[in-house]
Amino acid sequence: MNNSLFSLQGRNAWVTGACYGIGFAIAKAFAQAGADNIIFNARSREAIDKAVNDYHALGIRNVHGYVCDVTDEKAVKQLVETIHREVGPIHILVNNAGIIKRIPMHEMSRQEFQQVIDIDLVAPYIVSAAVLPEMMQRREGKIINICSMMSELGRETVSAYAAAKGGLKMLTKNICSEYGEYNIQCNGLGPGYIATPQTAPLRETQPDGAKHPFDAFICAKTPAGRWLDPDELGGPAVFLASRASDAVNGHILYVDGGILAYIGKQPK
Ligand code: NAP
Ligand code: GCO
């Protein structure tokens with residue numbers, strides 16, 4: 001038995017949208033920290049099957065993938081029942097599934113704005129509300145909401161995303177406030193700029209072979225001077241999922257290479 005403060009032995013963890021990108025990296029870190037079972041969902045069977053193969057290729061066998069859209073409240077409730085029956089209690093939930101739409105606000109349709117809010121803010125409410133009753137009964141649980149630089153900062157074209165991620169920060173603090181007495185900790189993990197499919201359009205090589213201008217912008221805004229790798233979120237996520245963080249609640253842990261601390265490079 002591993003008694004480390006950071007061990008996840010004896011724990012089942014559900015990471016939403018963990019087929020690739022940040023969710024996959026977090027699920028992988030949980031498995032490496034000894035989690036008994038990794039549960040994940042995505043919207044297509046094809047994506048699930050590919051991801052299960054990717055987990056297996058890393059030697060992670062205790063993985064359970066389910067088709068479920070996190071905005072579908074009925075399907076989420078059914079999935080929680082299925083997980084309880086087929087895997088066991090959900091000790092750790094990571095609300096990771098998310099999308100972004102980069103459109104100037106005055107050109108964005110209400111439907112586009114709403115879709116981002118539904119996936120990035122309403123779904124964490126739906127999924128958390130579905131797992132909370134059983135966590136309350138067991139009087140323990142960890143919920144980690146994947147926030148963003150846009151929980152704190154704005155920029156052109158990401159109004160819906162910033163509104164959702166700002167809201168997610170406050171949902172995190174409210175879940176902490178409302179369920180802390182049940183020994184449930186709800187914290188946020190706020191990644192900086194991470195090289196994943198979501199940010200691929202901002203890193204694309206230009207037709208003339210030059211780097212995307214956004215690449216230089218982000219490197220200059222980041223004291224670390226680079227994009228971060230999804231695996232760099234693994235340690236902080238394990239901390240927030242483990243008993244090492246039992247007294248940490250309602251906190252947003254930014255893992256941003258220093259972006260939020262930095263005013264930007266001074267002119268030469
Ligand atoms: P990604 O590469 O685009 O992966 C997103 C994942 O979410 C995919 O597995 C996707 O699966 C799933 N997903 C999206 N909508 C879903 C839905 N309705 N139901 C179920 N699954 C859904 O994104 P990422 O960069 O890894 O980002 C993961 C999270 O971190 C997001 O919440 C994102 O906003 C946040 N974040 C990202 C960055 C960054 O720089 N990359 C920084 C800060 C925060 P399918 O589409 O296959 O269903
Ligand atoms: C963008 C990016 C960001 C990141 C991330 C920052 O267009 O500005 O996609 O929003 O994905 O959320 O922390």
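Hydrogens, waters and symmetry mates play no part in the numbers below; they use all other heavy atoms, side chains included. Quick caveat, the model's predicted, so the values are computed rather than measured. Index from 1, following the sequence. Counting starts at 1 for both ligands and their atoms, in listed order.
Proximity annotation for atom 27 (O) of ligand 1: of V76, I22, T16, I22 comes nearest, heavy atoms only. For atom 32 (O) of ligand 1, the choice among N145, I146, N96 with the nearest heavy atom turns out to be N96.
Considering backbone and side-chain N/O atoms, P191 never comes within less than 3.5 Å of an N/O atom of ligand 1. Residue contacts with ligand 1: S44 is placed with no nitrogen or oxygen under 3.5 Å of a nitrogen or oxygen of the ligand (distance criterion only). Of the N or O atoms in G21, none lie within a sub-3.5 Å distance of an N or O in ligand 1. For the pair Y193 and ligand 1, the shortest N or O to N or O distance does not fall below 3.5 Å. For the pair T71 and ligand 1, the shortest N or O to N or O distance does not fall below 3.5 Å. Any N or O atom pair closer than 3.5 Å counts here, and P191 shares at least one such pair with ligand 2. By the 3.5 Å distance cut-off applied to N or O atoms, D120 is not counted among the residues near ligand 1. Residue-to-ligand polar distances place I194 within reach of ligand 1: an N/O pair is separated by less than 3.5 Å. For R155, a nitrogen or oxygen atom sits less than 3.5 Å from a nitrogen or oxygen atom of ligand 2, counting backbone and side chain alike. The distance criterion of under 3.5 Å between nitrogen or oxygen atoms is met by Y161 with respect to ligand 1. Of the polar atoms of G192, at least one N or O is found under 3.5 Å from an N or O of ligand 2, judged by distance alone. Checking only distances, M149 does come within under 3.5 Å of ligand 2, N or O to N or O.
Contacts of D256 with ligand 2, taken as heavy-atom pairs under 4.0 Å, are absent altogether. Contact annotation: for Q198 versus ligand 2, heavy atoms closer than 4.0 Å belong to the side chain alone. At a heavy-atom distance under 4.0 Å, no atom of T157 approaches ligand 2.
Residue contacts with ligand 2 do not include I194, since none of its heavy atoms lies under 4.0 Å from the ligand. The shell of residues lying under 4.0 angstrom from ligand 1, judged by heavy atoms, includes C147. Ligand 1 lies less than 4.0 angstrom from a heavy atom belonging to C68. Using a 4.0 Å heavy-atom cutoff, K165 is listed among the residues neighbouring ligand 1.
Judged purely by atom type and a 3.5 angstrom limit, S151 uses its side chain to pair as donor or acceptor with the backbone of K165. Side-chain N or O atoms of N145 include none that pairs as donor or acceptor with a backbone N or O of L171 at under 3.5 Å.
For atom 4 (O) of ligand 1, the closest non-hydrogen atom on the protein side is Y20 CE1, 3.4 Å. Protein heavy atom closest to atom 25 (O) of ligand 1, with residue, atom name and distance, is T196 OG1, 2.5 Å. At the top of the distance list for atom 5 (C) of ligand 1, counting protein heavy atoms only, stands G98 O, 3.8 Å.
The I100 neighbourhood of ligand 2 comprises atoms 1 (C), 2 (C), 7 (O), 9 (O), 10 (O), with distances under 4.0 Å to a heavy atom of that residue. Ligand-side atoms of ligand 1 in range of D69: 17 (C), 18 (N), 19 (N), range being under 4.0 angstrom from any heavy atom. Within the listing of ligand 1, atoms 20 (C) sit less than 4.0 angstrom from a heavy atom of N41. Those atoms of ligand 1 with a heavy atom of P197 less than 4.0 angstrom away are 2 (O). Each of the atoms 5 (C), 10 (O), 11 (O), 12 (O) of ligand 2 lies under 4.0 Å from some heavy atom of Y161. Residue S148 has at least one heavy-atom neighbour below 4.0 Å for each of these atoms of ligand 2: 5 (C), 6 (C), 12 (O), 13 (O). Within ligand 2, the atoms closer than 4.0 Å to a non-hydrogen atom of T199 are 9 (O), 11 (O), numbered from 1 in the order shown. With ligand atoms numbered from 1 in the order given, ligand 1 contributes 40 (O), 42 (C), 43 (C) to contacts under 4.0 Å with heavy atoms of G192. Atoms of ligand 1 found under 4.0 Å from any heavy atom of G17 (numbered from 1 in listed order, with element): 6 (C), 7 (O), 8 (C), 9 (O), 12 (C). Listed by atom number, the atoms of ligand 2 under 4.0 Å from R102 heavy atoms are 1 (C), 2 (C), 7 (O), 9 (O). Listed by number with element, the atoms of ligand 1 under 4.0 Å from a non-hydrogen atom of T199 are 39 (C), 40 (O), 41 (N). Proximity to M150 (heavy-atom distance under 4.0 Å) selects the following atoms of ligand 2: 10 (O).
Below 30°, between 30° and 60°, or above 60°: for Y182 and Y179 the angle between ring planes is between 30° and 60°, a tilted geometry.
E181 and N183 share no side-chain donor-acceptor pair at under 3.5 Å.
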Would E134 and R138 count as a salt bridge (Lys or Arg N to Asp or Glu O under 4.0 Å) here? Give the steps. CA-CA 6 Å; E134 198 267 339; R138 282 188 297 102; 2.9 Å; yes
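The pair R243-E140 does not count as a salt bridge, with every side-chain nitrogen at least 4.0 angstrom from each carboxylate oxygen.
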